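Encoded as structure tokens, the structure appears first; notes follow it.
Just so you know, ligand 1 is whichever comes first in the structure, and atom 1 is the first atom listed for that ligand. In this text, all values refer to a predicted model and were calculated from it rather than measured experimentally. One-based numbering along the sequence shown.
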Amino acid sequence: MRERSLLDLDDLTGDEISYVMQRATAFAARPPARDLLRDVTVVNLFFEPSTRTYTSFAIAEARVGADVVALPPGSSSLGKGETIEDTALTLAAMGVKVIVTRHPESGFPYRLADSFSGHVINAGDGSHAHPTQALLDLLTMWTEFGRIAGLRVALVGDVLHSRVARSNVIGLRRLGAEVTLIGPPTLVPDAMRAEGVRVERSLDANLAQMDVVMLLRIQHERIASAVLASLDDYARSYQLDARRLAQLAPHAIVLHPGPYNRGVELTDDVLASGGWRYAQQVSHGVHVRMAVLDFLVNGKK
Ligand code: CP
């Protein structure tokens, strides 16, 4: 029987998402025993740059006592033409139990999971999904408000190319939040409207009603000039700056998955504001990733 993987948040029920958040909260309060994943070998296979996800997975894996191998793509035999299917068989034959992978191709972790007998964790594939980022975002909201249900959450900017946005929408809807996607039609097409998901064009007209404002990175590496002609025009309409910060409700928080583009999605005023929760998001990344590893390998306690 194939082991359970986390390829996107629809792999988890609402109850399981809540369980992972509770477990992560417990790990934040009290670090887990270092033998939680004793004798479990994890391979980190990242084909795209990463600071937050890679490092926090490496820290989480060490804290739960896994044996960790970092396999840089340039050092793997994929570069010599070995297929991903044969790589998966090879790693499984060595006793590897978990592969954490990031890849520029949407769907890559699904192909890997089809061939691998252990657990695959998607650490970001193309513009498709980034489930552990969404979990740490949900945990940041949950820690702040004690609930997700009923929260008014805006995702602002480049939703079209954002794997973070896609996974967040799944998790937020699953837990009963009211989601609003805000941006120009080229980055937030009307077709993204769905049950529980509004699409709006004006940030100014919607900011004051939000409990959570999640800014999304303008993805220069994936974006075409036909989609976004001018960063100045974008910033005029969608940048969070001092004037727009003043429109936020006093209790509202501001999130960004990072890395952020200063002077594009936000100005330095945001980094100094009381509602900015970026550091908490990053810190929760370690706790959530410990909880995901524990959940997949050991199941629910
Ligand atoms: N948020 C995020 O995925 O950051 P990295 O690309 O640095 O991992």
Report task. Please list all pairs passing the side-chain hydrogen bond (donor to acceptor under 3.5 Å, both in side chains) test where one or both residues lie in residues 169-180, with sequence neighbours left out. Result -> Thr180-Arg198
Without placing hydrogens or testing angles, list every side-chain donor-acceptor pair under 3.5 Å for residues 65-80, not counting sequence neighbours.
residue : atom : partner : partner atom : Å
Ser76   : OG   : Pro73   : O            : 3.2
Ser76   : OG   : Leu78   : N            : 3.2

**Report entry** salt bridge (Lys or Arg N to Asp or Glu O under 4.0 Å) pairs, two or more places apart, involving residues 259-269
**Finding:** Arg262-Asp268
Query raised in the report: Ring centroid separation for Phe108 and His128, is it under 6.0 angstrom?
Result: no
Requested in this report: Examine Phe47 together with His103 and report whether their ring centres are nearer than 6.0 Å.
Outcome: yes
Query raised in the report: Which parts of the protein, at residue level, reach under 4.0 Å of ligand 1 through a heavy atom?
Result: Ser50, Thr51, Arg52, Thr53, Arg102, His130, Gln133, Pro257, Gly258
Query raised in the report: Among Asp137, Thr143, Thr140, which residue meets the side chain to side chain contact (heavy atoms under 4.5 Å, CB included) test with Arg277?
Result: Thr140
